[in-house]
> 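Here it is: the structure, laid out below.
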Amino acid sequence: MTLAALRTNGKRALAAALAGLERDPESETSQALLDAAWREPRAHVVGVTGPPGVGKSSLCAAVVAAWRRSGKTVGVIAVDPSSRTSGGALLGDRVRIAHDGSDEGSFVRSMAARDRLGGLADQTVAAMVVMRALFDRVLIETVGVGQSETDVAGVADTVLFCVQPGSGDSLQFMKAGIVEIPHLVVVTKADMGAAAERARADVAGALSLATAGGSDWPVKVLAASSRSGAGMERLMEALKAHREFLSAEGRLAVARHHQSEGWIAQSLRDRFGRDGLARLDRLGLDLALAPGLQPFQRLRELGVALERP
């Protein structure tokens, strides 16, 4: 399936293409689609993470609705916990994020995390790359396992971390090794009033000396309610502001290049282990990705080298 065919044939064709990527990611068809999609990035990719029960799905639904009202097309990847029996997604996309299935401008794909602890599914990167070439906005909601959810920083342009008022989430956030991952922190259920404001102040204090990813972007701490709509306009403005920040001075290209190199390293580590990465050095190879080179192509080249006896 080509990108042109996906653009012409709509959501059903996209669902089939993503299923093919999950079923056989190494096939010639899958690799050709990924290479083509990588060359035509279009969307701003937002990753939403945070502890279970914090209200990520409701917030995601509100963000998607706001984007659609502004005329933006939206692709959503909802990464779900996995069934121990089948390995499939335990929750369906209709349960996780309310959306209009008849809306051709929005698409929701549910993916199973399986045994991944970083909050993402194995094929999240591939799905994101394809959807990034087709939509104006892509939103990735992680599985919600808590402090190990750091993988989202490797696939999203903007990372949004959710905190729930009155539950100690803000303290856990401070303790976790993820304080420099988000670009935006949102205290959900802002209609809880004083408790929400207290949580917002706690997180703002914890972040007062931190910056996201070592950049000069000041992490913003907001409060929003998907139920009442309070704070949603400010959240959408903050997402726009970070997108514009990335667009200036080539920051987005640099960030995505670093993400690609990190993804190559993680993929090779998953497949060949640390010994495999050490062997690359002995072979005179490294993980560096030349500017403009597709990461999927580089991964194939390094994989072939490591498979040789």
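Computed from a predicted structure; not experimentally measured.
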> To the nearest 0.5 angstrom, please state how far the OG1 atom of T188 sits from the NZ atom of K56.
9.5 Å

> Quick one: list whatever passes side chain to side chain donor-acceptor pair (under 3.5 Å) with R234, sequence neighbours left out.
none

> Mind checking whether E261 and L287 have side chains closer than 4.5 Å, heavy atoms only?
no

> Tell me every residue that passes side chain to side chain donor-acceptor pair (under 3.5 Å) with S30, counting only those two or more places apart in sequence or in another chain.
S27

> Test of understanding: with side chain to side chain donor-acceptor pair (under 3.5 Å), list the residues that count as partners of E40, not counting sequence neighbours.
R7

> Could you name each residue pair satisfying side chain to side chain donor-acceptor pair (under 3.5 Å) that touches residues 273-283, not counting sequence neighbours?
none

> Can any side-chain N or O of W217 pair as donor or acceptor with the backbone N or O of H183 at less than 3.5 Å?
yes

> Could you give the distance from CG (D136) to OG (S70), rounded to the nearest 0.5 Å?
8.5 Å

> Hey, are R269 and Q266 close enough side-chain-wise for a donor-acceptor pair under 3.5 Å?
yes

> Do L134 and F107 have side chains that approach each other closer than 4.5 Å (heavy atoms only, starting at C-beta)?
no

> Taking the basic N atoms (NZ, or NE/NH1/NH2) and the acidic carboxylate oxygens, is any pair closer than 4.0 Å for R109 and E22?
yes

> S228: what forms a side chain to side chain donor-acceptor pair (under 3.5 Å) with it, not counting sequence neighbours?
S225

> Salt bridge or not between D157 and R243? Use side-chain N to carboxylate O under 4.0 Å.
no

> What's the spacing between H44 NE2 and L252 CG if we round to 0.5 Å?
8.0 Å

> So is R132 actually on top of W38's ring, under 6.0 Å and inside 45° of the axis?
yes

> Using the side-chain contact (heavy atoms from CB on, under 4.5 Å) rule, take L139 and V63 through it: C-alpha gap first, then chi angles, then the decisive distance, then the call.
CA-CA 9 Å; L139 187 147; V63 169; 4.0 Å; yes

> I'd like to know if the side chain of K11 reaches the main chain of V108, judged simply by a donor and an acceptor atom lying under 3.5 Å from each other, with no hydrogens or angles considered.
no

> Whether the S267 and D270 side chains hold a donor-acceptor pair (N or O, under 3.5 Å, no angle test) is what I'd like checked.
no

> Please report the interatomic distance CD(E141) to CG(L59), rounded to the nearest 0.5 Å.
9.0 Å

> Do I264 and L283 sit in the same hydrophobic cluster, where Ile, Leu, Val, Met, Phe, Trp and Tyr count as joined when their side-chain heavy atoms come under 4.5 Å apart?
yes

> Do the side-chain N and O atoms of H242 and T158 include a donor-acceptor pair separated by under 3.5 angstrom?
yes

> Rounded to the nearest 0.5 Å, what's the gap from NZ on K240 to CD on E244? Could you check?
5.5 Å

> Quick check: does any side chain N or O of Q164 sit under 3.5 Å from a backbone N or O of V187, one acting as donor and the other as acceptor?
no

> Got a list of side-chain donor-acceptor pairs under 3.5 Å for residues 301-309, not counting sequence neighbours?
residue	atom	partner	partner atom	Å
E301	OE1	R298	NH1	3.4
E301	OE2	Q297	NE2	3.4
E307	OE2	R271	NH2	2.1

> Is the terminal nitrogen or CZ of R42 (NZ for Lys, CZ for Arg) located under 6.0 angstrom from the six-membered ring centre of F135 and within 45° of that ring's axis?
no

> Kindly compute the distance separating CD1 (I140) from CD1 (I77), expressed to the nearest 0.5 Å.
4.5 Å

